[in-house]
**Student:** 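I have a structure here, written as structure tokens, and I will follow up with some questions on it.
Numbering starts at 1 and runs along the sequence shown.
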Amino acid sequence: MSYKYFPHTPDDIRAMLNTCGEKSLDDLYKDIPEELVLKREYELPKAMSEVEIRQFFNDLSEYNRPLTCFVGAGCYDHYSPSVISSIISRSEFLTSYTPYQAEISQGTLQYIFEYQSMIATLTGMEVSNASMYDGCTATAEAMMMAVSAAKKRNKVLVSATLNPIVTRVVETYAKFHGITVETIAEEYGVTSREDFERKVAADDVAGVIVAAPNFYGIVEDYTGWADFCHSHKTLLIMNCVASALGAIKSPGEWDADIAVGDGQSLGIPMNFGGPYVGFLATRKALIRKMPGRIVGATTDADGKRAFVLTLQAREQHIRREKATSNICSNESLMALYVTIYMALMGSKGLKDVNELGYSGAHYLADELCKTGKFTPAFPGKPFLNEFTLKTSLDIDSLQDYCAELGMQAGLKIGDDTLLLCVTEMRSKAEIDALIETVKYYIDSEEEVQK
């Protein structure tokens with residue numbers, strides 16, 4: 001059999017087969033059961049020229065229907081300054097991988113150091129690692145940190161108001177690490193304080209995971225939660241929307257032990273679901289339990305400022321049984337992305353972004369409720385730019401109607417419950433267009449009923 005793109009000569013292949021004690025390349029697969037062997041040619045499309053390939057994918061792209069986005073639930077449509085894509089497209093950033101050789105990776109190490117510094121400031125924590133895959137896996141890693149720190153406890157409590165996607169990832173990690181996950185009940189859209197205290201008081205809980213803001217968009221009050229956890233030797237973990245930390249109380253201010261979440265809201269485009277970047281920050285006392293790596297600043301032999309990989313708590317570098325994680329990549333390019341975003345925006349820019357989202361979301365919520373077909377799912381609960389409404393309308397039909405007119409009208413999270421989001425990307429004209437579309441839908445439904 002001829003392999004067009006293999007660089008090996010027939011003599012090379014013969015030498016390797018002799019070493020393996022086999023006569024042909026097919027012999028390497030002789031242990032595969034006969035019924036699993038493909039006995040026909042692959043069903044591959046015919047070859048195309050570059051022009052044909054480009055046209056093929058352009059034709060596919062025509063099936064995409066760009067919609068004005070009023071959905072959040074963990075993925076947010078924020079503005080991304082054009083300078084970011086310009087900088088990260090530079091070859092020294094776009095093609096670099098792991099900065100093992102400090103002497104030739106100073107630029108990469110420096111921006112990772114800056115990323116860590118900014119995340120620590122944003123979360124109010126003492127140390128940050130060099131980023132992770134996404135917010136879900138970062139939360140799962142935080143769960144394992146808590147269990148490792150507790151030593152003899154393997155139970156973790158997860159609030160029912162945490163994003164269910166995050167919860168499912170946490171449960172998957174827990175299953176294969178022998179960790180028990182229990183849910184703290186919710187009451188009127190927030191985590192039940194009574195259920196939290198009752199379960200933590202059993203003194204068998206390693207960590208508690210809560211959300212800020214929570215899945216319903218509510219900004220919960222965690223006053224005294226950290227003190228109660230610490231009095232029972234339990235760690236408090238907060239899963240946060242990164243952008244929201246520019247306006248709400250940080251995990252550090254709540255005296256939490258670990259702050260995690262997804263950095264996508266810091267300017268990373270939605271990108272059909274990725275790539276994103278997870279952040280994890282913690283107290284200095286837990287630094288040895290932190291997964292991934294940490295870049296530190298030092299001075300070289302000439303007394304000049306330099307950067308090095310300071311801590312790498314992963315299985316490639318230490319004994320497997322002692323490793324806290326097997327995270328092998330730090331999503332460095334996306335860490336650079338959010339670092340540039342935070343540097344450009346500053347604390348005032350992040351505050352402005354949240355103020356725009358806040359005003360737009362509250363305006364949309366008020367106007368929808370004025371139709372008489374919507375009511376707040378959790379009256380009186382504070383929200384930032386994401387909110388939950390109850391409705392008597394057929395949500396599926398309403399969303400289809402809005403989609404036909406170019407709008408993605410929230411996320412259905414129950415038969416009568418709709419989760420909507422407004423960011424600084426939504427103009428008043430776009431919000432008004434959604435409101436008018438909903439009103440037209442209501443009027444048309446009433447006409448049909450008559």
**Student:** Would you find a donor on one side and an acceptor on the other, under 3.5 Å apart, between the side chain of Thr417 and the backbone of Ile413?
**Tutor:** no
**Student:** I'd like to know if the side chain of Asp394 pairs up with that of Tyr441 as donor and acceptor (distance under 3.5 Å, no hydrogens or angles considered).
**Tutor:** no
**Student:** Between Leu280 and Pro291, is there a side-chain heavy-atom distance shorter than 4.5 Å?
**Tutor:** yes
**Student:** Could you tell me whether a side-chain N or O of Asn214 sits under 3.5 Å from a main-chain N or O of Gly189, the two making a donor and an acceptor?
**Tutor:** yes
**Student:** Is there side-chain contact between Tyr276 and Met270, with heavy atoms separated by less than 4.5 Å?
**Tutor:** yes
**Student:** Quick one: do the Tyr173 and Thr137 side chains pair a donor with an acceptor below 3.5 Å?
**Tutor:** no
**Student:** List the atom of Arg153, the atom of Lys233, and the distance in Å for their closest heavy-atom pair.
**Tutor:** NH1-O, 3.3 Å
**Student:** Looking only at non-hydrogen atoms, find the nearest pair between Gly261 and Ala138 and report the distance.
**Tutor:**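 Heavy-atom minimum between the residues: O-CB, 4.4 Å.
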**Student:** Is a side-chain N or O of Gln116 found less than 3.5 angstrom from the main chain of Val295, in a donor-acceptor match?
**Tutor:**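 Present.
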**Student:** Is the Phe383 to His362 ring centre distance short of 6.0 Å?
**Tutor:**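 When the ring centroids of Phe383 and His362 are compared, they turn out to be within the sub-6.0 Å range.
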**Student:** Find out whether Cys75 and Gln264 are in side-chain contact, i.e. whether some heavy atom of one side chain is under 4.5 Å from a heavy atom of the other.
**Tutor:**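 In short, these two side chains touch, coming nearer than 4.5 Å.
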**Student:** Under a 3.5 Å distance rule, please check whether Lys381 uses its side chain to pair with a backbone N or O of Gly217 as donor and acceptor.
**Tutor:**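 Not at all, since once roles are kept as given, no pair shorter than 3.5 Å links the two residues.
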**Student:** Is the ring pair Tyr216/Phe378 parallel, tilted or perpendicular, if the boundaries are 30 and 60 degrees?
**Tutor:** tilted
**Student:** Side chains of Tyr337 and Ser80: donor-acceptor distance under 3.5 Å anywhere?
**Tutor:** yes
**Student:** Give a yes or no answer on whether the side chain of Gln106 reaches the backbone of Phe307 with a donor-acceptor pair at less than 3.5 Å.
**Tutor:**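 Side chain of Gln106 to backbone of Phe307: a pair is present.
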**Student:** If only atom types and distance count, is the side chain of Arg426 paired as donor or acceptor with the main-chain N or O of Asp77 below 3.5 Å?
**Tutor:** no
**Student:** Taking Glu50 first and then Arg54, would you say they form a salt bridge - that is, a charged N and a carboxylate O separated by under 4.0 Å?
**Tutor:** yes
**Student:** Look at the side chain of Thr234 and the backbone N and O of His232, then say whether any donor-acceptor pair between them is shorter than 3.5 Å.
**Tutor:** yes
**Student:** Might you point out which heavy atoms bring Glu253 and Ile248 nearest each other, and give the distance in Å?
**Tutor:**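 It is OE1-O, 4.4 Å.
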**Student:** Is the backbone of Thr339 close enough, under 3.5 Å, to the side chain of Glu114 for a donor and an acceptor to pair up by distance?
**Tutor:**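 No, because the side chain of Glu114 does not come within donor-acceptor range (under 3.5 Å) of the backbone of Thr339.
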**Student:** Report yes or no: does Asp262 contribute a side-chain atom to a donor-acceptor pair with the main-chain N or O of Gly74 at less than 3.5 Å?
**Tutor:**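 Between the backbone of Gly74 and the side chain of Asp262 there is no qualifying donor-acceptor contact (under 3.5 Å).
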**Student:** Check this for me: does any side-chain nitrogen of one of Asp221 and Lys249 sit under 4.0 Å from a carboxylate oxygen of the other?
**Tutor:**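 The answer is no: the pair does not qualify as a salt bridge.
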**Student:** Decide, yes or no, whether a salt bridge links Glu197 with Arg193 under the criterion of side-chain N to carboxylate O below 4.0 Å.
**Tutor:** yes
**Student:** Please check this pair: side chain of Gln399 against backbone of Ala409, looking for a donor-acceptor N/O pair closer than 3.5 Å.
**Tutor:**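 Between the backbone of Ala409 and the side chain of Gln399 there is a qualifying donor-acceptor contact (under 3.5 Å).
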**Student:** Considering the options Leu236, Thr167, Thr139, which one meets the side-chain contact (heavy atoms from CB on, under 4.5 Å) requirement together with Ile209?
**Tutor:**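 Only one option passes, and that is Thr139.
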**Student:** Would you name the heavy atoms of Leu235 and Ala149 that are closest together and state the gap between them?
**Tutor:**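 Of all heavy-atom pairs spanning Leu235 and Ala149, the closest is CD1-CB, 4.2 Å.
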**Student:** Could you please spell out the steps behind the side chain to side chain donor-acceptor pair (under 3.5 Å) verdict for Asp59 and Gln55?
**Tutor:** CA-CA 6 Å; Asp59 291 342; Gln55 187 59 51; 2.8 Å; yes
